[in-house]
Participant: 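Structure provided below as C-alpha coordinates; questions to follow.
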Amino acid sequence: MNLQARVASTNPAVLAGLMIILAASAQGQTVQGVINGRSGATMTLQTADTPKLVVLLTPTTDVDEVQGALKARKKQMAITSLIPGLPVQVKGTMNDQGQLVADSVKFKGNDLKAAMDTQAGLQPTVEAQQADQQKIEQTQQELAAQQAQLTAQDQKIAANKAAIAAANKRFGELGDYNILNEVTVLFGNGKVTIDPQYKPQLLKLAEQSLTVTGYVIQVKGYASAVGSAQLNQKLSVERANAVSEFLEQDANVPLTNMLAPGAMGTADQVAPENTSEGQAQNRRVVVMVLQNKGIAGS
(Lines give C-alpha, C1' and ligand atoms only; values in the text may rest on other atoms or scores of the structure.)
Protein backbone atom coordinates (compact mmCIF):
# COMPACT_ATOMS: atom_id res chain seq x y z
CA MET A 1 0.00 0.00 0.00
CA ASN A 2 1.46 3.40 -0.99
CA LEU A 3 1.63 6.47 1.25
CA GLN A 4 -1.51 8.15 -0.13
CA ALA A 5 -3.54 4.95 0.26
CA ARG A 6 -2.36 4.53 3.88
CA VAL A 7 -3.23 8.18 4.65
CA ALA A 8 -6.65 7.84 2.97
CA SER A 9 -7.43 4.69 4.91
CA THR A 10 -6.66 6.39 8.22
CA ASN A 11 -7.77 9.97 7.68
CA PRO A 12 -9.41 11.11 4.39
CA ALA A 13 -9.40 14.74 5.59
CA VAL A 14 -5.62 14.69 5.89
CA LEU A 15 -5.32 13.35 2.32
CA ALA A 16 -7.61 16.08 1.03
CA GLY A 17 -5.44 18.72 2.70
CA LEU A 18 -2.32 17.13 1.24
CA MET A 19 -3.78 17.21 -2.27
CA ILE A 20 -4.65 20.91 -1.88
CA ILE A 21 -1.07 21.69 -0.83
CA LEU A 22 0.35 19.71 -3.76
CA ALA A 23 -1.98 21.46 -6.20
CA ALA A 24 -0.99 24.90 -4.85
CA SER A 25 2.67 24.00 -5.16
CA ALA A 26 2.20 22.89 -8.78
CA GLN A 27 0.43 26.16 -9.61
CA GLY A 28 3.36 28.17 -8.34
CA GLN A 29 3.77 30.77 -5.66
CA THR A 30 4.99 34.31 -5.11
CA VAL A 31 7.30 35.28 -2.24
CA GLN A 32 8.78 38.56 -1.03
CA GLY A 33 12.16 38.68 0.64
CA VAL A 34 15.67 40.06 0.83
CA ILE A 35 18.60 38.26 -0.80
CA ASN A 36 21.04 37.21 1.93
CA GLY A 37 23.33 34.94 -0.08
CA ARG A 38 24.42 33.97 -3.61
CA SER A 39 26.02 30.58 -4.33
CA GLY A 40 26.44 29.74 -8.01
CA ALA A 41 23.02 29.16 -9.57
CA THR A 42 21.19 29.50 -6.25
CA MET A 43 20.44 32.37 -3.92
CA THR A 44 18.85 32.48 -0.49
CA LEU A 45 16.07 34.82 0.64
CA GLN A 46 15.16 36.01 4.09
CA THR A 47 11.36 36.13 4.15
CA ALA A 48 8.76 36.71 6.83
CA ASP A 49 8.41 32.94 7.22
CA THR A 50 11.95 31.62 6.84
CA PRO A 51 15.47 33.04 7.25
CA LYS A 52 16.90 31.10 4.29
CA LEU A 53 14.61 30.13 1.43
CA VAL A 54 16.70 28.57 -1.36
CA VAL A 55 15.84 29.95 -4.83
CA LEU A 56 17.14 28.18 -7.95
CA LEU A 57 18.01 30.46 -10.88
CA THR A 58 17.89 29.01 -14.39
CA PRO A 59 18.82 30.34 -17.86
CA THR A 60 15.08 30.99 -18.45
CA THR A 61 14.54 33.00 -15.25
CA ASP A 62 13.27 36.51 -16.09
CA VAL A 63 14.98 39.24 -14.05
CA ASP A 64 13.23 42.62 -14.23
CA GLU A 65 13.59 46.04 -12.65
CA VAL A 66 10.10 47.48 -12.15
CA GLN A 67 9.62 51.18 -12.67
CA GLY A 68 6.91 53.76 -12.04
CA ALA A 69 4.54 54.40 -9.16
CA LEU A 70 2.30 51.50 -10.21
CA LYS A 71 5.28 49.30 -11.19
CA ALA A 72 3.68 48.96 -14.65
CA ARG A 73 6.93 49.44 -16.57
CA LYS A 74 9.79 47.02 -16.35
CA LYS A 75 13.38 46.77 -17.60
CA GLN A 76 15.04 43.42 -18.23
CA MET A 77 18.18 42.96 -16.14
CA ALA A 78 21.00 40.41 -15.93
CA ILE A 79 21.09 37.69 -13.25
CA THR A 80 24.26 39.41 -11.98
CA SER A 81 22.01 42.18 -10.62
CA LEU A 82 20.77 39.79 -7.90
CA ILE A 83 23.17 40.75 -5.11
CA PRO A 84 22.96 40.30 -1.33
CA GLY A 85 20.85 42.97 0.38
CA LEU A 86 18.42 43.41 -2.54
CA PRO A 87 14.66 43.13 -1.75
CA VAL A 88 12.96 41.02 -4.46
CA GLN A 89 9.70 39.39 -5.47
CA VAL A 90 10.11 35.82 -6.78
CA LYS A 91 7.52 33.80 -8.68
CA GLY A 92 8.07 30.10 -9.28
CA THR A 93 7.35 26.54 -8.23
CA MET A 94 8.88 24.26 -5.61
CA ASN A 95 11.01 21.31 -6.77
CA ASP A 96 11.60 17.96 -5.07
CA GLN A 97 14.59 19.38 -3.15
CA GLY A 98 12.45 22.06 -1.50
CA GLN A 99 13.94 24.80 -3.71
CA LEU A 100 11.84 27.55 -5.28
CA VAL A 101 12.59 27.35 -9.03
CA ALA A 102 12.32 30.97 -10.14
CA ASP A 103 10.26 31.82 -13.22
CA SER A 104 10.72 35.54 -12.57
CA VAL A 105 12.50 37.86 -10.16
CA LYS A 106 11.48 41.51 -9.82
CA PHE A 107 12.96 44.41 -7.87
CA LYS A 108 12.94 48.21 -7.76
CA GLY A 109 15.79 50.27 -9.20
CA ASN A 110 16.35 52.33 -6.06
CA ASP A 111 16.59 49.10 -4.04
CA LEU A 112 19.33 47.82 -6.39
CA LYS A 113 21.32 51.06 -5.98
CA ALA A 114 21.04 50.84 -2.18
CA ALA A 115 22.19 47.19 -2.20
CA MET A 116 25.16 48.01 -4.47
CA ASP A 117 26.17 50.91 -2.23
CA THR A 118 26.07 48.56 0.76
CA GLN A 119 28.10 45.89 -1.05
CA ALA A 120 30.75 48.48 -1.95
CA GLY A 121 31.95 48.63 1.65
CA LEU A 122 31.50 44.99 2.69
CA GLN A 123 34.61 43.11 1.69
CA PRO A 124 38.13 43.78 2.92
CA THR A 125 40.87 43.32 0.33
CA VAL A 126 43.18 40.32 0.36
CA GLU A 127 46.11 42.70 0.88
CA ALA A 128 44.52 44.05 4.05
CA GLN A 129 43.91 40.55 5.38
CA GLN A 130 47.51 39.58 4.66
CA ALA A 131 48.78 42.69 6.43
CA ASP A 132 46.63 41.85 9.44
CA GLN A 133 47.97 38.28 9.45
CA GLN A 134 51.56 39.54 9.29
CA LYS A 135 50.90 41.77 12.30
CA ILE A 136 49.44 38.82 14.21
CA GLU A 137 52.39 36.56 13.34
CA GLN A 138 54.85 39.27 14.37
CA THR A 139 53.09 39.67 17.71
CA GLN A 140 53.12 35.90 18.24
CA GLN A 141 56.89 35.80 17.62
CA GLU A 142 57.47 38.62 20.08
CA LEU A 143 55.38 36.81 22.69
CA ALA A 144 57.35 33.60 22.18
CA ALA A 145 60.64 35.48 22.66
CA GLN A 146 59.38 37.13 25.84
CA GLN A 147 58.25 33.79 27.23
CA ALA A 148 61.65 32.24 26.62
CA GLN A 149 63.56 35.14 28.21
CA LEU A 150 61.25 36.37 30.97
CA THR A 151 59.29 33.60 32.66
CA ALA A 152 58.14 36.15 35.24
CA GLN A 153 55.96 37.76 32.57
CA ASP A 154 53.86 34.66 31.93
CA GLN A 155 50.68 36.38 33.00
CA LYS A 156 51.22 39.29 30.63
CA ILE A 157 52.01 36.92 27.78
CA ALA A 158 48.82 34.95 28.43
CA ALA A 159 46.81 38.16 28.28
CA ASN A 160 48.44 39.12 24.98
CA LYS A 161 47.70 35.67 23.54
CA ALA A 162 44.05 36.11 24.46
CA ALA A 163 44.02 39.45 22.61
CA ILE A 164 45.55 37.78 19.55
CA ALA A 165 42.92 35.05 19.59
CA ALA A 166 40.19 37.70 19.76
CA ALA A 167 41.76 39.52 16.78
CA ASN A 168 41.89 36.28 14.79
CA LYS A 169 38.22 35.71 15.50
CA ARG A 170 37.29 39.28 14.54
CA PHE A 171 39.16 39.20 11.24
CA GLY A 172 37.54 35.89 10.36
CA GLU A 173 34.02 37.28 10.81
CA LEU A 174 34.14 40.39 8.64
CA GLY A 175 31.23 40.23 6.17
CA ASP A 176 29.35 37.17 4.96
CA TYR A 177 32.03 35.88 2.57
CA ASN A 178 35.54 34.43 2.56
CA ILE A 179 37.88 35.87 -0.10
CA LEU A 180 39.57 32.87 -1.74
CA ASN A 181 41.38 34.51 -4.67
CA GLU A 182 42.05 37.98 -6.06
CA VAL A 183 43.51 39.62 -9.17
CA THR A 184 44.15 43.35 -9.65
CA VAL A 185 44.14 44.70 -13.21
CA LEU A 186 45.84 48.09 -13.76
CA PHE A 187 44.86 50.53 -16.55
CA GLY A 188 46.60 53.37 -18.34
CA ASN A 189 45.46 56.96 -17.87
CA GLY A 190 42.06 57.32 -19.53
CA LYS A 191 42.17 53.70 -20.76
CA VAL A 192 39.46 51.04 -20.38
CA THR A 193 41.03 48.21 -22.43
CA ILE A 194 42.55 45.26 -20.56
CA ASP A 195 46.33 45.03 -21.00
CA PRO A 196 47.21 41.57 -22.45
CA GLN A 197 49.54 40.83 -19.51
CA TYR A 198 46.52 40.49 -17.17
CA LYS A 199 44.46 38.12 -19.31
CA PRO A 200 46.36 34.93 -18.27
CA GLN A 201 45.87 35.93 -14.63
CA LEU A 202 42.12 36.34 -15.14
CA LEU A 203 41.88 33.02 -17.00
CA LYS A 204 43.74 31.28 -14.16
CA LEU A 205 41.47 32.87 -11.54
CA ALA A 206 38.38 31.66 -13.45
CA GLU A 207 39.82 28.14 -13.76
CA GLN A 208 40.74 27.92 -10.07
CA SER A 209 37.31 29.18 -9.02
CA LEU A 210 35.77 26.01 -10.45
CA THR A 211 37.18 24.10 -7.47
CA VAL A 212 35.24 26.34 -5.02
CA THR A 213 31.75 25.18 -4.05
CA GLY A 214 29.12 27.88 -4.62
CA TYR A 215 31.63 30.56 -5.64
CA VAL A 216 30.70 34.03 -6.88
CA ILE A 217 33.01 36.56 -8.54
CA GLN A 218 32.94 40.24 -7.60
CA VAL A 219 34.39 42.90 -9.94
CA LYS A 220 34.99 46.51 -8.83
CA GLY A 221 36.39 49.29 -11.02
CA TYR A 222 38.33 52.33 -9.75
CA ALA A 223 39.90 55.51 -11.15
CA SER A 224 42.61 57.93 -10.08
CA ALA A 225 41.61 61.43 -8.99
CA VAL A 226 42.99 62.99 -12.19
CA GLY A 227 40.15 64.59 -14.16
CA SER A 228 36.54 65.36 -13.27
CA ALA A 229 34.44 63.25 -10.93
CA GLN A 230 32.02 62.51 -13.78
CA LEU A 231 34.81 61.26 -16.05
CA ASN A 232 36.36 59.13 -13.30
CA GLN A 233 33.01 57.52 -12.52
CA LYS A 234 32.56 56.73 -16.23
CA LEU A 235 36.06 55.22 -16.44
CA SER A 236 35.48 53.02 -13.39
CA VAL A 237 32.21 51.75 -14.90
CA GLU A 238 33.79 50.92 -18.27
CA ARG A 239 36.83 49.24 -16.68
CA ALA A 240 34.66 47.03 -14.47
CA ASN A 241 32.45 46.13 -17.45
CA ALA A 242 35.48 45.28 -19.60
CA VAL A 243 36.83 42.83 -17.03
CA SER A 244 33.37 41.32 -16.39
CA GLU A 245 32.83 40.78 -20.12
CA PHE A 246 36.25 39.10 -20.45
CA LEU A 247 35.44 36.73 -17.57
CA GLU A 248 32.03 35.89 -19.02
CA GLN A 249 32.99 35.62 -22.72
CA ASP A 250 36.65 34.50 -22.73
CA ALA A 251 36.95 32.72 -19.36
CA ASN A 252 33.43 31.20 -19.63
CA VAL A 253 32.36 32.18 -16.11
CA PRO A 254 28.56 31.56 -15.88
CA LEU A 255 26.42 34.64 -15.33
CA THR A 256 24.91 32.87 -12.31
CA ASN A 257 28.34 33.04 -10.65
CA MET A 258 28.94 36.76 -11.30
CA LEU A 259 27.87 39.67 -9.11
CA ALA A 260 26.97 42.98 -10.75
CA PRO A 261 30.12 45.02 -11.58
CA GLY A 262 30.76 47.81 -9.08
CA ALA A 263 31.79 51.30 -10.18
CA MET A 264 33.74 52.85 -7.29
CA GLY A 265 35.07 56.00 -8.96
CA THR A 266 37.89 57.47 -6.85
CA ALA A 267 36.85 55.71 -3.62
CA ASP A 268 39.28 53.52 -1.65
CA GLN A 269 42.51 54.89 -3.09
CA VAL A 270 45.44 52.51 -2.44
CA ALA A 271 48.29 54.95 -3.18
CA PRO A 272 48.99 58.71 -2.91
CA GLU A 273 47.62 60.76 -5.80
CA ASN A 274 50.49 63.27 -5.80
CA THR A 275 52.76 60.96 -7.85
CA SER A 276 52.31 59.32 -11.24
CA GLU A 277 53.15 55.96 -9.68
CA GLY A 278 50.40 56.38 -7.10
CA GLN A 279 47.89 57.40 -9.76
CA ALA A 280 48.80 54.29 -11.77
CA GLN A 281 48.08 52.05 -8.76
CA ASN A 282 44.65 53.67 -8.30
CA ARG A 283 43.57 53.09 -11.93
CA ARG A 284 42.50 49.50 -11.34
CA VAL A 285 39.87 46.77 -11.31
CA VAL A 286 39.86 44.34 -8.37
CA VAL A 287 38.46 40.86 -9.03
CA MET A 288 37.63 38.63 -6.02
CA VAL A 289 36.48 35.01 -5.79
CA LEU A 290 34.07 34.83 -2.84
CA GLN A 291 32.47 31.94 -0.97
CA ASN A 292 29.61 32.30 1.47
CA LYS A 293 30.79 31.43 4.98
CA GLY A 294 27.71 29.29 5.50
CA ILE A 295 28.90 26.99 2.71
CA ALA A 296 32.52 27.08 3.89
CA GLY A 297 31.44 26.18 7.43
CA SER A 298 33.26 29.16 8.93
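Position 1 is the first residue of the sequence, and the numbers go up from there. Predicted model only: the values in this text are computed from it and were never measured. Only heavy atoms go into these numbers, but all of them, side chains included; no hydrogens, no water, no symmetry mates.
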Participant: Which pairs with one or both residues in residues 228-241 pass side chain to side chain donor-acceptor pair (under 3.5 Å), sequence neighbours excluded?
Facilitator: Lys234-Glu238
Participant: When Met43 is tested against each of Val54, Val90, Asn36, Leu56 for side-chain contact (heavy atoms from CB on, under 4.5 Å), which residue passes?
Facilitator: Val90
Participant: With sequence neighbours excluded, give me every salt bridge (charged side-chain N to carboxylate O under 4.0 Å, His left out) pair touching residues 79-91.
Facilitator: none
Participant: Given side chains that start at C-beta, do those of Pro87 and Gln32 come closer than 4.5 Å, heavy atoms only?
Facilitator: no
Participant: Is there a side-chain contact between Leu112 and Met77, using heavy atoms and a 4.5 Å cut-off?
Facilitator: yes
Participant: May I ask you to test the Val287-Ile217 pair for a side-chain heavy-atom distance under 4.5 Å?
Facilitator: yes
Participant: Rounded to the nearest 0.5 Å, how far does CZ of Arg38 lie from CG of Leu86?
Facilitator: 10.5 Å
Participant: With rounding to the nearest 0.5 Å, note down the distance linking CG in Leu186 to CG in Asn282.
Facilitator: 9.5 Å
Participant: Would you say the side chains of Asn189 and Gln279 form a donor-acceptor pair under 3.5 Å?
Facilitator: no
Participant: Under 4.5 Å side-chain heavy-atom separation, chaining through any Ile, Leu, Val, Met, Phe, Trp or Tyr, what else clusters with Val237? Say none if it is isolated.
Facilitator: none
Participant: According to the salt bridge (charged side-chain N to carboxylate O under 4.0 Å, His left out) rule, which pairs have a member within residues 42-64, sequence neighbours left out?
Facilitator: Asp64-Lys74
Participant: Does Phe187 have Arg283 sitting over its ring (NZ/CZ under 6.0 Å from centre, angle to axis within 45°)?
Facilitator: no
Participant: What is the distance from atom CG of Leu255 to atom CG of Leu82, rounded to the nearest 0.5 Å?
Facilitator: 11.0 Å
Participant: For the side chain of Thr266 and the backbone of Ala225, is there at least one donor-acceptor N/O pair under 3.5 Å apart?
Facilitator: no
Participant: Members other than Val192 in its cluster, when Ile, Leu, Val, Met, Phe, Trp, Tyr link by side-chain heavy atoms under 4.5 Å?
Facilitator: Leu231, Leu235
Participant: Kindly compute the distance separating CZ (Phe107) from CD (Gln89), expressed to the nearest 0.5 Å.
Facilitator: 12.5 Å
Participant: Which distance, rounded to the nearest 0.5 Å, do you find between the CD1 of Ile79 and the CG of Leu259?
Facilitator: 12.5 Å
Participant: Please list every donor-acceptor pair under 3.5 Å in which a side-chain atom of residues 201-215 meets a protein atom from a residue at least two apart or in another chain.
Facilitator:
from, atom 1, to, atom 2, distance (Å)
Gln208, OE1, Asn181, ND2, 2.8
Ser209, OG, Ala206, O, 2.6
Thr211, OG1, Gln208, O, 2.7

Participant: Please determine, by modelled atom types, if Thr47 and Thr50 share a side-chain donor-acceptor pair under 3.5 angstrom.
Facilitator: no
Participant: Enter the distance from Asn178:CG to Leu290:CG here, rounded to the nearest 0.5 Å.
Facilitator: 9.0 Å
Participant: Side chains of Val219 and Val285: does their closest heavy-atom pair fall under 4.5 Å?
Facilitator: yes
